[in-house]
Colleague: 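Got a structure for you, questions after.
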Amino acid sequence: MEKSQNGEENAQLNLSNDGSICGYDSLHHLLKDNLKPHHFQEVNRLLTGLNCGKVLETITLPESATSLSVKHGFDAQAFSFRADKELLREPRVVRVGLIQNSIAIPTTAHFVDQKKALFEKLRPIIDAAGSSGVNILCLQEAWMMPFAFCTREKKWCEFAEPADGESTKFLQSFAKKYNMVIISPILERDVNHGEVMWNTAVVIGNHGNIIGIHRKNHIPRVGDFNESTYYMEGNTGHPVFETEFGKIAINICYGRHHPLNWLAFGLNGAEIVFNPAATVGELSEPMWPIEARNAAIANSYFVASINRVGTETFPNPFTSGDGKPAHADFGHFYGSSYISAPDASCTPSLSRNRDGLLVTDMDLNLCRQYKDKWGFRMTARYELYVETLAQYVKPEFEPQVIRDPLLHKRC
């Protein structure tokens, strides 16, 4: 097959076919190996911030998890976010896990085999999370299938399943075994409403029960992301799920580009917002380290960002009406999953080109501490925002622009 346009651009950017950066699987490793230690220390401070005034602490994972990582070849990293000690509240430490992965077998394989292979691929990574004591685990967007929404071919609809379907049943056993809440983003088939499809996150409780679902609020129509061929904007609002381990929400993929989407989850009391995604380097990588971190700061909660890995090639070339030649893949899904804290610190990211498990302890007391420190909720002007928005949605809306009376006046 001829080299794709994405491939030509990657070569110009020193990105190898395996998705590495100049042979390194992350920016963090590239900088650490090529800067003097004291230079790296300062660069890392600026890139990842300080947690309560200190460098983010690392965690040693149990041997059971690290041996699975070595045996199955996935990246495993672990960190800990602290909060200041309080006099009246005990620490509220929650252990969160994120899984990023590539597809398991080619997209030309039988659909049953593709899904089964994904289940088997994730099994040891979920076991590693469970044996590490993870309380809340989140998988990537549409984890149970290739991200085929670029193709606009309807055959991929066969991967859709009910909220209580095969993928949920597979994960429920892990939730019960490890006393772990699991967020499972799937392509949902709503059997009670005309069998329409949704991009949905199923929240499985730590007892194996289904707590609820959330459907993706914002659907992209940009580049190869033609997702509205399959599903439309969700109808579940901005729910926050109160679990044994904290109040969580899910801002699925494209919703991270919408600041008011982040805000609404915060107003409903979220302490951790998960952003399961599927995005490629050419389109969004410069935005990836910024948006979630900004949301964590602005809304005084933790944000967990998950992106899939690898290049998924489809049987038939497709175009997207953007003038580019027909191609058979999205480009490289660059992984780089990470977690951001309300104090502007963040973890280093997972690999750009390998499956991975990120385990992170977070003291949820940090959320209130930073609400108190910065006062964003207190100083916000919601009554002004709602007035402007109420006017904006009216057909007769006119922007509030004060024009210089001399702007178009001739001398």
Side-chain angles (χ1 to χ4, degrees), residues 96 98-100 136 138-145 147 149-150 163 183-188 190 196-203 211-241 247-280 283-308 330 333-342 346 349 385 389 392-393:
V96 167
L98 311 180
I99 292 178
Q100 65 176 41
I136 307 172
C138 187
L139 280 57
Q140 67 198 21
E141 183 182 19
W143 70 271
M144 29 64 80
M145 64 179 291
F147 207 75
F149 309 123
C150 52
I183 299 166
S184 173
I186 65 169
L187 179 62
E188 179 199 359
D190 186 355
V196 298
M197 291 181 296
W198 305 93
N199 186 318
T200 299
V202 181
V203 182
I211 298 176
I213 65 170
H214 173 57
R215 292 167 174 159
K216 188 173 181 176
N217 278 333
H218 299 276
I219 307 302
R221 297 162 181 87
V222 54
D224 289 334
F225 288 82
N226 298 296
E227 297 176 37
S228 56
T229 303
Y230 300 89
Y231 44 79
M232 299 300 285
E233 285 74 14
N235 58 1
T236 53
H238 295 87
V240 169
F241 301 91
K247 295 179 180 179
I248 64 174
I250 307 101
N251 184 2
I252 303 174
C253 198
Y254 190 69
R256 74 180 176 279
H257 305 306
H258 296 267
L260 292 180
N261 209 39
W262 291 110
L263 172 65
F265 290 119
L267 294 180
N268 281 331
E271 297 170 308
I272 312 168
V273 179
F274 294 85
N275 178 226
T279 186
V280 294
L283 182 68
S284 67
E285 193 161 15
M287 305 157 73
W288 181 252
I290 300 170
E291 290 174 304
R293 195 172 177 187
N294 178 70
I297 296 166
N299 297 286
S300 303
Y301 52 47
F302 288 91
V303 175
S305 306
I306 313 100
N307 186 26
R308 66 170 57 205
F330 257 125
F333 293 104
Y334 52 82
S336 305
S337 303
Y338 72 107
I339 291 181
S340 307
C346 66
S349 64
Y385 312 151
L389 289 170
Y392 180 74
V393 297

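Given the structure is predicted, the values throughout are model-derived calculations rather than measurements. Just so it is clear, the values below take in all heavy atoms, side chains as well, and ignore hydrogens, waters and symmetry mates.
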Colleague: Is there a side-chain contact between Val222 and Leu283 in this structure, where contact means two heavy atoms from C-beta onward sitting under 4.5 Å apart?
Modeller: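 Counting from C-beta outward, Val222 and Leu283 do come under 4.5 Å.
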Colleague: Is there side-chain contact between Arg221 and Asn226, with heavy atoms separated by less than 4.5 Å?
Modeller: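 Sidechains of Asn226 and Arg221: no contact.
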Colleague: Between Lys216 and Glu227 (salt bridge meaning N to carboxylate O under 4.0 Å), is one present in this structure?
Modeller: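 Salt bridge present between Lys216 and Glu227.
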Colleague: Looking at residues at least two apart in the chain, or sitting in another chain, which of them share a salt bridge (charged side-chain N to carboxylate O under 4.0 Å, His left out) with Arg215?
Modeller: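 Testing Arg215 for salt bridge (charged side-chain N to carboxylate O under 4.0 Å, His left out), a comparison that skips the adjacent residues, returns Glu188, Asp190.
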Colleague: Any Lys/Arg nitrogen of Arg256 or Glu291 sitting under 4.0 Å from an Asp/Glu carboxylate oxygen of the other?
Modeller: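 Result for this pair is yes, salt bridge flagged.
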Colleague: Judged by modelled atom types alone, do Asn251 and Asn261 share a side-chain donor-acceptor pair under 3.5 Å?
Modeller: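 Yes, a side-chain donor-acceptor pair sits under 3.5 Å.
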Colleague: Could you pull out the closest heavy-atom pair between His214 and Pro239, with the gap in Å?
Modeller: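 It is ND1-CD, 3.3 Å.
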Colleague: Check whether any side-chain heavy atom of Thr279 lies under 4.5 Å from a side-chain heavy atom of Trp288, and answer yes or no.
Modeller: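 Yes, at least one pair of side-chain atoms sits under 4.5 Å.
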Colleague: Do Val96 and Ile272 come close enough that some side-chain heavy atom pair is under 4.5 Å?
Modeller: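 Contact flag for Val96/Ile272 side chains = yes.
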Colleague: Please say which of Trp198, Phe149, Phe147 ends up in a ring-ring contact (aromatic ring centres under 6.0 Å, His included) with Tyr230.
Modeller: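 Option passing the ring-ring contact (aromatic ring centres under 6.0 Å, His included) with Tyr230: Phe149.
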Colleague: Check whether any side-chain heavy atom of Phe225 sits under 4.5 Å from a side-chain heavy atom of Tyr254, and report yes or no.
Modeller: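 Not touching, per the 4.5 Å side-chain cut-off.
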Colleague: Could you tell me if the side chain of Ile186 sits less than 4.5 Å from the side chain of Asn199, heavy atoms only?
Modeller: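 No - every pair of side-chain heavy atoms lies 4.5 Å or more apart.
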Colleague: With distance as the sole criterion, is a donor-acceptor pair present between the side chains of Ser284 and Tyr334 under 3.5 Å?
Modeller: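 A donor-acceptor contact under 3.5 Å links the two side chains.
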